[in-house]
Amino acid sequence: MLYALLAIAVFGLITSSVFTGMVLAAVPQYLRERRVAFAALNREPRFAPPLSLLKPLHGAEPRLAEHLATFFEQDYPAYEIVFCARSPKDAGLAIARDVAARYPDVPVQLLSTGGIPDYINAKVASLELMEAAAHHGIFVISDSDVRVTPDYLRSVALPFANPKVGGITCVYRGVAAEGGLWARLEAVGMSVEMTAGVLAARSLEGMQFALGPTMAFRRQTIRRMGGFKVTADYCSDDFILGNETFKLGEAVILSHHAIDHMVINSSFWQSMLHQARWMKSTRFSRPKGHFGTALTFSMPFGLFGFVAAMALHHTGLAIGLLGCAILSRLLLSVVVGKWVVRDSSWFNLLVLYPIRDLMGFFFWAASYTSSKIHWRGRKFQLLPGGRMRAVG
C-alpha cells in the first residue's frame, strides 16, 4: 500500500512538473507579445475606435466607488460607460450614479432590467439591455469587482486593429480588497493558478474561451452567435462567449494587459463557496480538461510522497519529493505571478501559493461530490455542458 502511494506521488510530481514546464515554455512568447504591444501603443497614429464599456452591477460591493472611478479616468478619446442592474434601486447603481457625476465629460447610461427577462443567469438580461442601448460597435465587458489603470481601454482596443479578431480577454492578478488570509489565498490562486492554466491552454489549443473580469467583442460577433442570450442558462457565460467566437472562425486574443481582480470574499465560508462554484463550473464547462487538472497540482503529491517515504524509512527520498513539489510551485509563482501578471505581493507568491496549490486539489476533488452551487444568494444545479437550473 505504501509503495502504491509512493508510486502515485512520483507520477503526480512528474505530471505536475511537465505542466510547470509547459507554462514556463509559454511565458517567453507572452512576454515578447507584450513588448510588441507596448511598442504599438506608443506608435502614431494610435488605433482608438469608439468603445462602449458595459458594466453589470449587483449591490454595493466593498470600495465599489473607488473601483468604478478607474474606468472614468481612461486615457482614451471616445468611449461611453453603460451600467445596468436588475432593479433601478440597486445600491451599486446608486454608487455608479454618484461616481459618474464627478466625471461629466464621460457619457454614461444607467439602466435596469426590472428582472425581465428572468434568465437563470440574470447578468445576461443586463447585457442584452446594454447591447441595445450602446452606441458603438465594440463592447468591453467588465465585472464590477475589477480595478484598472488609465491605459486599460487603449490596450483592450489594440487587437481589434486586425479585422480577423472577434474577441479579446485579459489575464488578471488577484487583490484581497479588505485583506484577510482567506481572501489572500483566493487572490494568489487567481494570479498564479488561473493564469498558468490559461497560458497552458493557449499553447495547446489556442484561445477558445474568454475570462469574465474583462472580455471585449465586436457587436457583429455577438449578433452572429445569436446575441448574449446564448449564455442565458450558463454559469460560465465568459467561457461560452469566447468559445462561440472561436466557433465562428474569429480569433480570440489574450491581451498583454493584466488587470486587478478584487477578491471581496473575506470570510472563510464566502471564499470556500466562491472557489467551489468556480471549480464546479469548470468541471461542467470543460469536463475533460477539468479531469486532467488533478495532474497539474504539485503539493498534494509531494505530501503523499513525503508520508509514504517516511513510513518506508526513506528520509532522504521523503525530503526530496516534498522539496521538489515546493520548488515547482515557487518557480511557477514567481514566473507567472511576478513576471506575467506583475503581482507585487511576495508573501502571497512565496508563502501562500504552495498552500493554495494544496487547497486547489481539494477543491478539484470536491467538485465531483455535488452538482449544486450557491450564487447570488440562490442555489442552482449544474447540468452537462455547463447549463444551470434553479433549485432554490
**Asked** Side chains of E73 and T70: is there a donor and an acceptor less than 3.5 Å apart?
**Response** no

**Message:** Within the 3.5 Å criterion, strictly below it, is a donor on T149 or D151 matched to an acceptor on the partner's side chain?
**Reply:** yes

**Message:** Can you classify the ring geometry of H290 versus W364 as parallel (below 30°), tilted (30 to 60°) or perpendicular (above 60°)?
**Reply:** tilted

**Message:** Can you classify the ring geometry of H274 versus W278 as parallel (below 30°), tilted (30 to 60°) or perpendicular (above 60°)?
**Reply:** tilted

**Asked** Does the side chain of V263 come within less than 4.5 Å of E186's, by heavy atoms?
**Response** yes

**Message:** What I'd like to find out is whether the side chain of E244 reaches to under 4.5 Å of the side chain of I222, using heavy atoms alone.
**Reply:** no

Is there a path of hydrophobic side-chain contacts, each under 4.5 Å between heavy atoms, that joins [X] and [Y]?
X: F284; Y: I240; value: no
X: M190; Y: V351; value: yes
X: F297; Y: M272; value: yes
X: L31; Y: V336; value: yes
X: V36; Y: F47; value: no

Measure the spacing between [atom1] of [X] and [atom2] of [Y] and express it to the nearest 0.5 Å.
X: E33; Y: S255; atom1: CD; atom2: OG; answer: 10.0 Å
X: K280; Y: T369; atom1: NZ; atom2: OG1; answer: 5.5 Å
X: L13; Y: M299; atom1: CG; atom2: CE; answer: 9.5 Å
X: L352; Y: R184; atom1: CG; atom2: CZ; answer: 6.0 Å
X: T20; Y: L330; atom1: OG1; atom2: CG; answer: 11.0 Å
X: T293; Y: K288; atom1: OG1; atom2: NZ; answer: 14.0 Å

**Message:** Donor-acceptor check, side chain of S16 to backbone of T296, threshold 3.5 angstrom: yes or no?
**Reply:** no

**Message:** Please check this pair: side chain of R387 against backbone of T231, looking for a donor-acceptor N/O pair closer than 3.5 Å.
**Reply:** no

Quick one: side chains of residues 309-325, donor-acceptor pairs under 3.5 Å with protein atoms, not counting sequence neighbours, listed by atom name and distance.
none

**Request:** Show your reasoning for whether side-chain contact (heavy atoms from CB on, under 4.5 Å) applies to L350 and V334.
**Result:** CA-CA 8 Å; L350 299 182; V334 171; 3.8 Å; yes

Nearest non-hydrogen partners of [X] and [Y], listed with the distance:
X: A216; Y: V156; value: CB-CG1, 3.8 Å
X: R218; Y: P163; value: NH2-CA, 3.6 Å
X: R102; Y: A69; value: NH2-CB, 3.9 Å
X: A196; Y: L332; value: CB-CD2, 4.3 Å
X: L6; Y: G305; value: CD1-O, 3.9 Å
X: L211; Y: C170; value: CD1-O, 3.4 Å

**Asked** Do other residues, nucleotides or ligands put more than 12 heavy atoms under 6.0 Å from K338 NZ?
**Response** yes

**Message:** With a 6.0 Å cut-off (strictly less than), is the heavy-atom count around CZ of F291, excluding the residue itself, greater than 12?
**Reply:** no

**Asked** Can you name the side-chain hydrogen bond (donor to acceptor under 3.5 Å, both in side chains) partners of Y172, sequence neighbours left out?
**Response** none

**Complete:** For D237, the side-chain hydrogen bond (donor to acceptor under 3.5 Å, both in side chains) test, sequence neighbours excluded, returns N121, K123

**Asked** Cluster partners of V175, using ILVMFWY side-chain heavy atoms under 4.5 angstrom, listed by chain and number?
**Response** M262

**Remaining members of the apolar cluster that contains W269, side-chain heavy atoms under 4.5 Å** = L273

**Prompt:** Given E128 and K229, is the side-chain contact (heavy atoms from CB on, under 4.5 Å) satisfied, shown in steps?
**Reply:** CA-CA 7 Å; E128 280 193 327; K229 66 181 179 182; 3.1 Å; yes

Between [X] and [Y], does at least one N-O distance fall below 4.0 Å, as a salt bridge requires?
X: D260; Y: R342; answer: no
X: D75; Y: R154; answer: yes
X: R224; Y: E250; answer: yes

Which residue pairs pass the ring pair (Phe, Tyr, Trp, His ring centres under 6.0 Å) test when at least one of the two sits in [range], sequence neighbours left out?
range: residues 80-124; value: F72-Y103
range: residues 5-45; value: F38-H256
range: residues 174-218; value: W182-F268

**Complete:** Hits for salt bridge (charged side-chain N to carboxylate O under 4.0 Å, His left out) against E193, two or more places apart or cross-chain, chain-then-number order -> R356

**Prompt:** After noting the C-alpha distance and the side-chain angles of E205 and R286, does the key distance pass the salt bridge (Lys or Arg N to Asp or Glu O under 4.0 Å) rule?
**Reply:** CA-CA 13 Å; E205 58 186 17; R286 304 179 66 203; 3.1 Å; yes

**Message:** Before you tell me yes or no, could you show the steps for R173 and D343 under salt bridge (Lys or Arg N to Asp or Glu O under 4.0 Å), namely the whole-Å CA-CA distance, both residues' side-chain angles and the distance that decides it to 0.1 Å?
**Reply:** CA-CA 6 Å; R173 56 189 159 261; D343 192 324; over 6 Å; no

**Item:** Partners meeting ring-ring contact (aromatic ring centres under 6.0 Å, His included) with Y234 (sequence neighbours left out)
**Value:** none

**Request:** Please report the C-alpha distance between E131 and R219 in whole Å, then the side-chain angles of each, then the deciding distance to 0.1 Å, and finally whether the salt bridge (Lys or Arg N to Asp or Glu O under 4.0 Å) criterion is met.
**Result:** CA-CA 8 Å; E131 188 268 342; R219 185 193 295 268; 3.4 Å; yes

**Prompt:** Going through the distances and angles, do T214 and Y152 end up as a side chain to side chain donor-acceptor pair (under 3.5 Å)?
**Reply:** CA-CA 10 Å; T214 281; Y152 166 72; 2.7 Å; yes

Can you give the donor-acceptor pairs under 3.5 Å from side chains of residues 93-100 to other protein atoms, not counting sequence neighbours?
none

**Asked** Going through the distances and angles, do V148 and L153 end up as a side-chain contact (heavy atoms from CB on, under 4.5 Å)?
**Response** CA-CA 9 Å; V148 295; L153 286 182; over 6 Å; no

Let me have the donor-acceptor pairs involving side chains of residues 48-64, under 3.5 Å, with sequence neighbours excluded, atom names and distances please.
residue: S52; atom: OG; partner: E80; partner atom: OE2; Å: 2.5
residue: S52; atom: OG; partner: H136; partner atom: N; Å: 3.2
residue: K55; atom: NZ; partner: S142; partner atom: OG; Å: 3.3
residue: K55; atom: NZ; partner: D143; partner atom: O; Å: 2.8
residue: E61; atom: OE1; partner: S144; partner atom: OG; Å: 3.0
residue: E61; atom: OE2; partner: S144; partner atom: OG; Å: 3.0
residue: R63; atom: NE; partner: E66; partner atom: OE1; Å: 3.1
residue: R63; atom: NH1; partner: A177; partner atom: O; Å: 3.1
residue: R63; atom: NH2; partner: E66; partner atom: OE1; Å: 3.2
residue: R63; atom: NH2; partner: E66; partner atom: OE2; Å: 3.0

